[in-house]
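Atoms within a ligand are numbered from 1 in the order they appear, just like the ligands themselves. Note that these values count all heavy atoms, side chains included, but never hydrogens, waters or copies made by symmetry.
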Amino acid sequence: MTNEQLLREGAEQIGIKDLRTDLFLSYVDLLRKWGKRVNLTSVLTDREIIIKHLIDSLTVAEFVPPGSRVLDVGTGAGFPGIPLSIYDSSLRVTLVESVGKKVAFLKHAKRSLGLSSVDIHHARAEDLTKGMNRSFDRVTSRAVGSMDAVIALGAPYLDIEGEMVIMKGPRGKDEWEDYANRYPEDMELLFTKELKLPFSGENRVIIVTKPVYRPMETKA
Ligand code: SAM
C-alpha cells in the first residue's frame, strides 16, 4: 500500500472521506527528514508516522468545529495541531512548545507547508502571554502529562464556551474518573470516545471537558 493509500484508507476508517493528501504527505517527508536530525518523535517509519501520528491526530477533528480558535499545548512536532490545521484550513491554530529544536521544526513546517493560519509560540504553556487567557474555543493536548497537569495548563486559555479535547491512551477513562473523584466541581465531562486506531488496533480515549463556571459569590 502506498503512503497515500494508507492515509486515505486510515482516514476513511475514522470517518473522514475524501481527504486531500498532498500536504499531509509533504508533512510526512519533513518529519522523516528532520526526525533523523532532531529527536522529534520516537516513531519514524512513514507507516508509523501516518497511523500513529497523523490518523491519530485526526481522530479529534470531530470535536473541533470549523473556524475554531485552537490552542495545542505541548505540541511537540505538531500533534494534533498541524494535522488539524491541514485538514481544516478555517481553524486558527496556535501551537505551544517549550523545546527549542522542536519549535525550529514547527516554524520550518509552517513555512514549507504554507500554513498561514498557524501561530507558533516557544514557551512553557503556563507562561504564555497573559493576553491569551480565555482566548480559545478548543484546547487540545496529546501525550503531554497527567490529567491534572493538562487541565491546569490548558483550562485558563478557554473562552467561556470553550472545551478541552484531551487525547489519552487506553487508561484515559480511569484517569478521568480519578481526576473527577478528586475535583468533582471543577470540570464537566462532555464526551468520552474510545476507539481503536486503524491498522494498528491500538486503543485510544478522547476526553472532552469544560470548566464549570460558577456565578460570582455575593456577600449577604
Ligand atoms: N503532542 C505531541 C505528540 O503527541 O507527539 C508531543 C508529545 S511529547 C510526549 C510532550 C511535549 O510537550 C514535549 O514536546 C514537551 O516539550 C512539551 N511540553 C511539556 N510540558 C510543556 C509545557 N508546560 N509547555 C509547553 N510544552 C510542554
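- Every heavy atom of V73 sits 4.0 Å or more from the atoms of ligand 1.
- Here the rule is side chain to side chain contact (heavy atoms under 4.5 Å, CB included) with N3, and of L25, T21, L54, D29 only L25 fits it.
- At a threshold of 4.0 Å, the pair E163-K210 does not count as salt-bridged, since none of the basic side-chain nitrogens sits closer than that to a carboxylate oxygen.
- The shortest N/O to N/O separation between F79 and ligand 1 falls below 3.5 Å.
- Using a 4.0 Å cut-off between charged nitrogen and carboxylate oxygen, R134 and D159 do not count as a salt-bridge pair.
- Under 4.0 Å from ligand 1, not a single heavy atom of M167 appears.
- Look at D56 and R142 and you find a salt bridge, because one of the NZ, NE, NH1 or NH2 atoms lies within 4.0 Å of a carboxylate O, short of that distance.
- Counting only non-hydrogen atoms, the option in A77, G81, S98 that gets closest to atom 18 (N) of ligand 1 is S98.
- Residue contact check for ligand 1: A123 places a non-hydrogen atom closer than 4.0 Å to it.
- A salt bridge does not link K173 with E175: every distance from a Lys NZ or Arg NE/NH1/NH2 to an Asp or Glu carboxylate oxygen is 4.0 Å or more.
- Among G74, G76, P80, the residue whose heavy atom lies closest to atom 1 (N) of ligand 1 is G74.
- For E97, there are no salt bridge (charged side-chain N to carboxylate O under 4.0 Å, His left out) partners at least two apart in sequence or on another chain.
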Please report the C-alpha distance between S146 and D148 in whole Å, then the side-chain angles of each, then the deciding distance to 0.1 Å, and finally whether the side-chain hydrogen bond (donor to acceptor under 3.5 Å, both in side chains) criterion is met. CA-CA 5 Å; S146 67; D148 299 33; 4.7 Å; no
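- The shortest separation from a heavy atom of A143 to ligand 1 is under 4.0 Å, placing the residue in contact.
- Taking every non-hydrogen atom of A125 and a distance limit under 4.0 Å, the qualifying atoms of ligand 1 come out as 22 (C), 23 (N), 24 (N), 25 (C).
- For F63, the ring-ring contact (aromatic ring centres under 6.0 Å, His included) partners two or more places apart in sequence, or in a different chain, are F191.
- Summarising the contacts of atom 2 (C) of ligand 1 with T75, L153, D72, the nearest heavy atom is found in T75.
- When the heavy-atom distances from atom 13 (C) of ligand 1 to E97, R124, R142 are ranked, the shortest goes to E97.
- Near K102, the atoms of ligand 1 lying under 4.0 angstrom from a non-hydrogen atom of the residue are 13 (C), 14 (O).
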